[in-house]
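Here's the structure we're looking at; comments come further down.
To find a chain, count down the sequence lines: A is the first, B the second, and so on, and within it residues start at 1. These values consider heavy atoms only, across backbone and side chains, with no hydrogens, waters or symmetry-generated copies.
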Amino acid sequence: MHFFAETSWSPYAVGIGIGILSWFSFLVSRKPIACSTSFAKASGMIEKLFRGKKVDLKPYYQKEKLALDWQMMLVLGIVIGSLISALLSGDFQWQWVPSIWANVFGMNPVLRVIVALVGGICLGFGARWADGCTSGHGISGTLQLAVSSWISAIFFFIGGILMAQFIFKLIG
Amino acid sequence: MNTTKPMNIHPKDRSHLVWGLAFGIVFGFLLQKGGATKYDVIIGQLLLTDFTVLKIMLTAVLTGMIGIHAMKTLGWVELYPKSGSVGKNIIGGLIFGAGFAVLGYCPGTIAGAIGNGYLDAVVGGLAGILIGAGVFAALYPRLNHGILNKGNFGDLTLPRLLRVNDWIVVIPMSVLIFLFLYWLERAGL
């Protein structure tokens, strides 16, 4: 049990674990592991609380029905699994500002939250535009050798590397 | 169709949902153990100073690819490649990538970051992703008639593109990924 209480595992052990997990996800649930559609559905469900049933009629929510599904449960599970892992190792902590950010831009939580919000908008919008994220395209799609996923994954990293350089080398 | 109310969920659908939750718990546990729930690790990857994220992803792809294609050859599973287009995957990929670097989490790892207690992920990032996804849903009809279908190539896979047996691609791809990871280690990255 000592193993489960360690703060970090080798990235190769973790990668093999995720790869094997994907086998079972295909075999048992007949679905590839993916995350970002859940956020679009959650967004639509929240909008529905305010604007009512007409939200269901939006073409995007005709395609992605607003109902609790396998993938939303998966995303919920990620929160729980990460929490269990962090609690077992004592790595859980309430934190507003991560250290690489703090070293360059300071400890102000308001600035960090505003930037995270802007980044989140871009990420949520881009994930739907590309029809997948780092898990759906980056892992599950590439391992199926899907052309759409290899292109997306490559451009996720091109965009990410360029923007990270811009933020930390030019602004920071 | 009648799954909007949790009360009405068919037992078979319920076990389907429980499996989703179970897979998520294992996935989240692994992501946290790998450090992928942390802003510093993800930004370190995009600044090319810490290759943890790429090591995790490529090892997962290597392991997953061989297993899934073996099971496909045995007729146990089918594949679900996503349909794509130049406008969808290149432009969407770049927008996603920019957001990835500004936020420092992605949709899967942000769920893990929330479990890890990171408040910038909950208050800033999660709210942003929900807003961004909502904006996309509003613009979807217009985008779908234009840019999203520019250069559409459908749900193509590399073996079908090259008109070869899956393993003609799986084996060289496995070797390439292995050599790349080996090179990363040798380079001390």
Side-chain angles (χ1 to χ4, degrees), chain A residues 9 11-12 14-19 22-23 26 29 35-36 39-40 43 59-60 67 70 73-75 77-79 81-83 85-86 92 94 96 98 100 112-113 116-117 119-126 128-130 133-135 143-148 151-152 155-156 159-160 163-164, chain B residues 3-4 17 19-21 24-25 28-30 32-34 39-40 46 52 55-56 59-61 63-65 67 77 79 81-82 84 89 92-103 106-108 111-112 115-117 119-120 124-125 128-130 132-134 136-137 140-141 156-158:
Chain A
W9 289 356
Y12 302 113
V14 170
I16 290 170
I18 294 172
S22 78
W23 302 349
F26 270 85
S29 293
C35 296
S36 60
F39 293 87
S43 177
Y60 196 73
W70 183 87
M73 296 300 284
L74 182 97
V75 173
I78 296 174
V79 179
S82 170
L83 177 69
S85 166
F92 180 89
W94 298 111
W96 282 102
I100 293 184
R112 172 58 196 147
V113 166
L117 180 77
I121 293 173
C122 202
L123 188 83
F125 187 78
R128 291 302 80 225
W129 187 306
C133 63
T134 347
S135 43
L143 71 81
Q144 296 179 74
L145 297 169
V147 174
S148 62
I151 296 176
S152 299
F155 282 90
F156 291 164
M163 184 55 90
Chain B
T3 50
T4 33
L17 292 179
W19 274 113
L21 185 70
I25 291 173
F29 192 94
L30 289 166
Q32 207 283 332
K33 285 282 178 259
Y39 173 94
D40 290 343
L46 297 178
T52 306
K55 288 177 189 173
I56 293 174
T59 313
V61 171
T63 311
M65 178 172 63
V77 299
L79 300 190
K82 289 183 178 183
N89 301 120
L94 289 172
I95 299 172
F96 180 94
F100 191 24
V102 175
L103 174 56
C106 58
N116 216 146
L119 297 162
D120 58 334
I129 295 175
L130 294 173
F136 181 84
Y140 176 72
L156 201 58
T157 61
L158 291 173

Among the listed options [options], the residue most often paired with chain B at heavy-atom distances under 4.5 Å:
options	value
A:Pro59, A:Gly17, A:Ala40	A:Pro59
A:Val113, A:Val75, A:Val79	A:Val79
A:Cys35, A:Ala146, A:Ala116	A:Ala116

Subject >> Shortest non-hydrogen contact between B:Leu130 and A:Phe39, atoms and distance >> reply: CD2-O, 3.3 Å
**OP:** Considering non-hydrogen atoms only, spot the tightest contact between B:Gly92 and A:Ala130 and give its length.
**Re:** C-CB, 3.7 Å
If you round to the nearest 0.5 Å, how far is [atom2] of [Y] from [atom1] of [X]?
X	Y	atom1	atom2	answer
B:Leu94	A:Phe155	CG	CZ	6.0 Å
A:Trp9	B:Ile56	CH2	CD1	11.5 Å
B:Lys82	A:Ser148	NZ	OG	7.5 Å
A:Met163	B:Ile95	CE	CD1	11.0 Å
A:Leu74	B:Leu17	CG	CG	11.5 Å
B:Leu30	A:Ile16	CG	CD1	11.0 Å

Subject >> Residues which pass side chain to side chain contact (heavy atoms under 4.5 Å, CB included) with B:Leu21, listed by chain and number, not counting sequence neighbours >> reply: A:Met73, A:Leu76, A:Ile80, B:Ile25
Under 3.5 Å: donor-acceptor pair, side chain of [X], backbone of [Y]:
X	Y	value
B:Asp40	A:Ile100	yes
B:Thr157	A:Leu145	no
A:Ser82	B:Gly112	yes

Original post:
Parallel, tilted or perpendicular: which describes the rings of A:Phe156 and B:Phe96, with under 30° parallel and over 60° perpendicular?
Top reply: tilted
Original post:
Under a 4.5 Å heavy-atom cutoff, which of B:Gly84, B:Gly117, B:Pro81 has the most pairs with chain A?
Top reply: B:Gly117
Subject >> chain A contacts, top residue of B:Gly34, B:Cys106, B:Ala98 (heavy-atom pairs, under 4.5 Å) >> reply: B:Ala98
**OP:** Check whether any side-chain heavy atom of A:Pro11 lies under 4.5 Å from a side-chain heavy atom of B:Thr59, and answer yes or no.
**Re:** no
Original post:
Between B:Thr63 and A:Trp23, is any pair of side-chain heavy atoms under 4.5 Å apart?
Top reply: yes
Original post:
Is the A:Trp129 to B:Tyr140 ring centre distance short of 6.0 Å?
Top reply: no
**OP:** Start with the C-alpha gap between B:Tyr39 and A:Arg112, add the side-chain angles, then the distance that decides, and say whether side chain to side chain contact (heavy atoms under 4.5 Å, CB included) holds.
**Re:** CA-CA 12 Å; B:Tyr39 173 94; A:Arg112 172 58 196 147; 3.4 Å; yes
Original post:
Considering residues at least two apart in sequence or located in another chain, which fulfil the side-chain hydrogen bond (donor to acceptor under 3.5 Å, both in side chains) criterion with A:Trp70?
Top reply: A:Ser29
